[in-house]
Amino acid sequence: MLKKVFTWGGIAFLIFFIAYQPNSAADVFKSLGSSILDVAQGFGDFFTDLVA
């Protein structure tokens, strides 16, 4: 029950944030995307160095 409340609350917050602060929301998502790509690049470099 509590998990469902937090899930729907998080979704509602995201919708509110995107609707009322679209520029800030875009910046946040760009930052998250960049961070995910950096992590993926790090894993790729690690396994490349491990095999080579």
Completion exercise
Sorted by chain and residue number, the side chain to side chain contact (heavy atoms under 4.5 Å, CB included) partners of I11 (sequence neighbours excluded) come out as T7, W8, I15
Please output the side-chain donor-acceptor pairs of residues 34-52 that fall under 3.5 Å, not counting sequence neighbours, one pair per line with the distance.
| unit_1 | atom_1 | unit_2 | atom_2 | d |
| --- | --- | --- | --- | --- |
| S35 | OG | S31 | O | 3.0 |
| Q41 | NE2 | D45 | OD1 | 3.0 |
| T48 | OG1 | G44 | O | 2.7 |

Handout entry: Flag if over 12 foreign heavy atoms under 6.0 Å of CZ, F17
Key = yes
